[in-house]
Number of protein chains: 2
Amino acid sequence: MLTEIREKILKGTIQVFNKKGLKLTMDDVADELKISKKTIYKEFSGKDEIFETMVDYVFDNIKAREKEILNSDGYTTIEKIRLFLSAMPESYRNINFQELYSLKDKYPKVYKKLQKRLETGWAPAFKLLEQGKEEGIIRQDADLKIFKIMMEASLERFFEKNVMKGSSKKYNDYLNEVVDILLNGISA
Amino acid sequence: MLTEIREKILKGTIQVFNKKGLKLTMDDVADELKISKKTIYKEFSGKDEIFETMVDYVFDNIKAREKEILNSDGYTTIEKIRLFLSAMPESYRNINFQELYSLKDKYPKVYKKLQKRLETGWAPAFKLLEQGKEEGIIRQDADLKIFKIMMEASLERFFEKNVMKGSSKKYNDYLNEVVDILLNGISA
DNA sequence: CGGAAACTAAATTTGTAAATTCAGTTTCCG
DNA sequence: CGGAAACTGAATTTACAAATTTAGTTTCCG
């Protein structure tokens with residue numbers, strides 16, 4: 001588990017990351033948290049380790065949320081799928097994903113971890129969807145790989161700026177509509 | 001209408017554009033067509049005009065294709081919608097769209113024309129979809145604006161490289177599956 | 001211990017002058 | 001007329017040194 005001080009630093013880093021993006025400095029983080037850099041360096045070996053731990057932190061939270069849904073009783077498979085898919089984008093809201101991808105060049109190790117965790121994060125969704133196929137509520141011939149690509153592309157587009165300006169709809173309504181259309185699209 | 005020589009130059013330009021992208025030179029085009037630059041400059045005032053005419057050329061072809069579908073008899077509304085939506089990405093295959101967007105900075109006028117034609121290209125699709133709503137085959141509460149964003153995001157992702165490597169599926173099968181899922185997703 | 005602030009070496013950004021490329025024109029030639 | 005090739009000024013790219021920023025450390029202090 002995470003110590004209190006480490007979690008505090010991670011939360012602060014995410015704060016600053018969402019504001020200043022990849023270009024955040026250690027001084028930024030220290031200022032944000034009103035602690036000195038010394039404290040940060042006592043907990044983390046450097047910027048690389050902070051970023052790596054940050055990715056783990058974000059995805060561990062998503063994973064916990066997903067586990068909750070998977071283990072909960074009283075939901076049908078289709079309800080679980082819907083909850084599960086909706087949980088993904090909601091969790092992503094905590095951190096600027098577009099910006100996370102920009103770590104690719106300067107922090108390839110962090111980027112690889114990000115990709116790996118995105119991949120494993122989808123695994124239980126695939127399991128649920130396969131189960132849905134067996135139960136006959138998902139179309140047998142639905143291509144789940146394409147489904148995944150479409151969902152990722154659509155969500156990423158929504159995370160970009162100005163996509164939904166000039167509309168009265170709320171952010172979450174959009175995400176739900178995306179999940180609805182896609183899930184409907186592969187339903188039997 | 002387009003003279004033969006102008007069309008030849010446009011086709012050659014698209015050829016080179018798909019290979020070298022935004023950075024194509026007039027010499028490239030002349031070499032590709034095995035004509036001299038002089039001939040090109042006799043037909044076009046310059047690079048700007050070629051790019052502009054190129055966008056018109058591409059979209060006029062798409063438009064003709066779409067008109068054909070719209071005016072054809074013997075199709076139900078839903079069939080027309082499916083044909084119409086499938087025609088879009090197929091037409092896009094003739095030119096590298098990802099690269100077209102990169103004209104934004106250096107050729108803002110061309111980019112604006114591109115955006116305008118993309119917008120007006122969607123208009124008949126919206127009309128068909130609205131008609132589908134009236135006929136009760138499209139969900140009344142389906143958000144067509146989101147539908148459009150999802151379709152664009154999904155198709156653009158497929159136009160990027162390596163999305164479907166390692167699969168036996170053919171390119172067009174993918175595009176059809178995308179249209180299927182989305183259309184199913186908003187169907188009543 | 002931990003904060004404030006100074007410090008250093010390395011990385012990043014900036015400015016810019018030289019080198020290269022390219023759009024558009026011109027010349028010569030068949 | 002149109003091809004081949006040379007030409008020019010403007011734009012773009014390259015190269016590189018100077019200036020700035022920043023990661024990580026150290027010092028001093030309460």
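To find a chain, count down the sequence lines: A is the first, B the second, and so on, and within it residues start at 1.
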Does F97(B) have any ring pair (Phe, Tyr, Trp, His ring centres under 6.0 Å) partners at least two apart in sequence or in another chain, and if so, which? Y92(B)

Lys/Arg N to Asp/Glu carboxylate O, K127(B) vs E66(B), below 4.0 Å: no

side-chain hydrogen bond (donor to acceptor under 3.5 Å, both in side chains) partners of T25(A), counting only residues at least two apart: D28(A)

Taking only N/O atoms, report every protein-nucleotides 12-14 of chain D pair under 3.5 Å with atom names and distance.
from, atom 1, to, atom 2, distance (Å)
dT12(D), OP1, K106(B), NZ, 3.4

Got a sec, which residues hit side-chain hydrogen bond (donor to acceptor under 3.5 Å, both in side chains) with S102(B), two or more places apart in sequence or on another chain? E99(B)

Between D60(A) and R117(A), is there a side-chain N and carboxylate O pair less than 4.0 Å apart? yes

Can D141(B) and R139(B) be counted as an ion pair, charged N to O under 4.0 angstrom? yes

Using a heavy-atom cut-off of under 4.0 Å over every strand shown, decide if L24(B) touches base, sugar-phosphate, or nothing. sugar-phosphate

Looking at D56(A) and K113(A), is there a salt bridge between them, counting it only when a charged N and a carboxylate O are closer than 4.0 Å? yes

Residues in contact with DNA chain D, drawn from residues 27-52 of chain A - heavy-atom cutoff 4.0 Å: K37(A), K38(A), Y41(A), G46(A), K47(A)

Output yes when a side-chain donor or acceptor of N18(A) lies under 3.5 Å from a complementary backbone atom of N96(A), and no otherwise. yes

Let me have DNA chain D in dot-bracket notation, would you? Count Watson-Crick plus G-U wobble pairs, both distances under 3.5 Å, and use [ ] for pairs crossing earlier ones and | for inter-strand partners. ||||||||||||||||||||||||||||||

